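Encoded as structure tokens, the structure appears first; notes follow it.
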Amino acid sequence: MTKHIFVTGGVVSGLGKGLTGSSLGRLLKARGFRVTMQKLDPYLNVDPGTMNPFEHGEVFVTDDGGETDLDLGHYERFIDENLTTDSNGTTGSIYSAVIAAERRGDYLGKTVQVIPHITNEIKRRINRLVSDDVDVIITEVGGTVGDIEILPFLEAIRQFRLDVGRNNVCYVHVTLVPFIGPSGEMKTKPTQHSVTELRSRGIQPDAIVCRSEEPIGSDLRRKISNLCDVPVAGVTNAADASSLYEIPLVLHNEGLDDYVCDILGLGDAPVDLTAWAELVRRVEEATTPVRIGMIGKYVALPDAYLSVVESLNHAGIHHGADIEIEWIQAEEVEGLLAAGRLRDLDGIVIPGGFGERGVEGKVAAAAYSREHDIPCLGLCLGMQVMTIEYARNALGLTGANSTEFDIRTPHPVIDLMESQRDVTDMGGTMRLGAYVAQLKPGSRVAEAYGEEVVSERHRHRYEFNPRYRTRFEESDLVLSGESPDGRLVEFIELEDHPFWIATQAHPEFKSRPDRPAPLFREFVGAALDRAAGRNPQLPSMDDDLSTAES
């Protein structure tokens, strides 16, 4: 029977419930178990697709087109499984389903209530992931214990243990053990209060993961064990780690996976963490500095570009490079150009986004990178602004733009697809999820992927305007990837440039720490070459590859 692990959090948000669950999933996979994961979010939005990035950070996209919480990115990167829309449920989507069922008459006229109707729908969402191909489902409950929004979820997972059997459920609670400077002590009281609140909702945690800046001592473990009614073996310490990819090793050394396997009756299957330990070693040895400028609209909240940052780090691990990100507000680019700030960058990334704000700064950054041979990678909106820049400055199409930003542009090189012009629902105009692209033989993109048919995830409304295809094809800009029917341009690249490549897709969503996304891998390699050219003492991409091959 499928086993279930529920991860809750207390005291404050941002403690790392998602990383704890992801790390536990990695450890269970290392024991040979088949693992999938899920996030239950208490906010009322149906999904994060229409939420401001400053509110919620990145919107992660699954292969089947789900717009989901950014924690699903951590899940996929750690357990190396492609998740689906079913792996993210929100209060908004749950209430929508219940109200729709009530309107259809599914409840036969009964009074619809939080218990049992909402809690039953939550349990149904959990059970959707149950299959013969899954041994363990890890479900993270968003928010913190004590939030009013989280109560139906806590009640649902409390009932769930009764439904499936006590030996098939394990509750893991992540909490804070802060260090109080004036007293010079770590305090367990926040953990005690958090567990008390959880127990008041009928849930006794099986394991407590204590987050702290420094390791906690055995005396504190025993104190937490005694006051929270959890065995000492179930009190795990996750002190701050130098790398998030070190967390599985930390939790394994603490014995969390052994303890959880015992609770769930999973046996004592041997764990093989050789490959993961090697990854962590490579992270520690990635020390060659490479400066990457991130030209963004939401740089005040780096989580808005979480998968992009992690993809750069994955490529850095591959090349032994330490990625140093310069966060550059798109509106400020032109002033930085005047000050010569972009000259010292080894590479530029122009990530995705929506809306007019900052677009001209992104266009200016694309122009500077093209004219000064700085490696540049464009993602989604990044491809669109690179197209606009090239149209204006290389093809002489004065006023070229996207109709998203200028409906009256004389040269709409980026425009809505014809089929979507009359769609009014915001989600309905999006191209979401995985789409196949045919790459041009011999192109740099095809060489990067090592194949000519690829699939990447998308999240956008506007496309390269096919009316301008001939103008671009007659230039040095190569349309190096398109949809199988030839209607949509998916990749562009510039000839005779160190690296000026863009894609309409979001390849960052499929990058893994041990398998960096091909375009990110090649981009960081080109940036490493530029860094080596400016500082001959640094290794180049060729040096790195020759070392790896040897």
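The structure displayed is predicted, hence computed values, not measured ones.
Considering only residues two or more places apart in sequence or on other chains, E324 meets the salt bridge (charged side-chain N to carboxylate O under 4.0 Å, His left out) condition with none of them. With sequence neighbours left out, the side-chain hydrogen bond (donor to acceptor under 3.5 Å, both in side chains) criterion links T188 to Q192. Shown here are the side-chain hydrogen bond (donor to acceptor under 3.5 Å, both in side chains) partners of D163, two or more places apart in sequence or in another chain: K123. Residues passing the salt bridge (charged side-chain N to carboxylate O under 4.0 Å, His left out) test with E121, sequence neighbours excluded: R124, R125. With sequence neighbours excluded, the residues that form a salt bridge (charged side-chain N to carboxylate O under 4.0 Å, His left out) with R211 are D240. For D258, the salt bridge (charged side-chain N to carboxylate O under 4.0 Å, His left out) test picks out R31, with sequence neighbours left out.
Within a 6.0 Å radius of CD in Q204, more than 12 heavy atoms belonging to other residues, nucleotides or ligands are found. The environment of D132 atom CG is sparse: at most 12 non-hydrogen atoms of other residues, nucleotides or ligands sit within 6.0 angstrom.
In this structure a side-chain-to-backbone donor-acceptor pair under 3.5 Å is present from T119 to P116. Side chain of Y435 to backbone of A505: no donor-acceptor contact under 3.5 angstrom is found. Judged by distance alone, with hydrogens and angles left aside, the side-chain atoms of N168 form a donor-acceptor pair with the main-chain N or O of V164 at under 3.5 Å.
Screening residues 171-188 for salt bridge (charged side-chain N to carboxylate O under 4.0 Å, His left out) gives E185-K187 as the qualifying pairs, with residues at least two apart or on separate chains. Annotation: salt bridge (charged side-chain N to carboxylate O under 4.0 Å, His left out) contacts involving residues 290-313, sequence neighbours excluded, comprise R291-E326. Residue pairs that meet the salt bridge (charged side-chain N to carboxylate O under 4.0 Å, His left out) test with at least one member in residues 48-61, sequence neighbours left out, do not exist here. Among residues at least two apart or in separate chains, salt bridge (charged side-chain N to carboxylate O under 4.0 Å, His left out) pairs with a member in residues 276-290 are E278-R281, R281-E285. Within the structure, ring pair (Phe, Tyr, Trp, His ring centres under 6.0 Å) pairs that include any residue of residues 7-48 comprise Y43-H56 (at least two apart or interchain). Residue pairs meeting the ring pair (Phe, Tyr, Trp, His ring centres under 6.0 Å) criterion with at least one member in residues 190-226, sequence neighbours excluded, do not occur.
In this structure, K110 does not pair ionically with E102, as no charged nitrogen and carboxylate oxygen lie closer than 4.0 Å. Under the 4.0 Å criterion applied to side-chain N and carboxylate O atoms, E490 and R431 are assigned as salt-bridge partners.
Within the 4.5 Å cutoff, the side chain of S87 has no heavy atoms near those of the M37 side chain. Contact annotation: the side chain of Y107 approaches that of V98 to within less than 4.5 Å [non-hydrogen atoms, C-beta and beyond].
Between F6 and F160, the ring planes are perpendicular. Angles over 60° get that label, and only those under 30° would be called parallel.
Taking each heavy atom of A448 and L519 in turn, the nearest pair found is CB-CD2, 4.3 Å.
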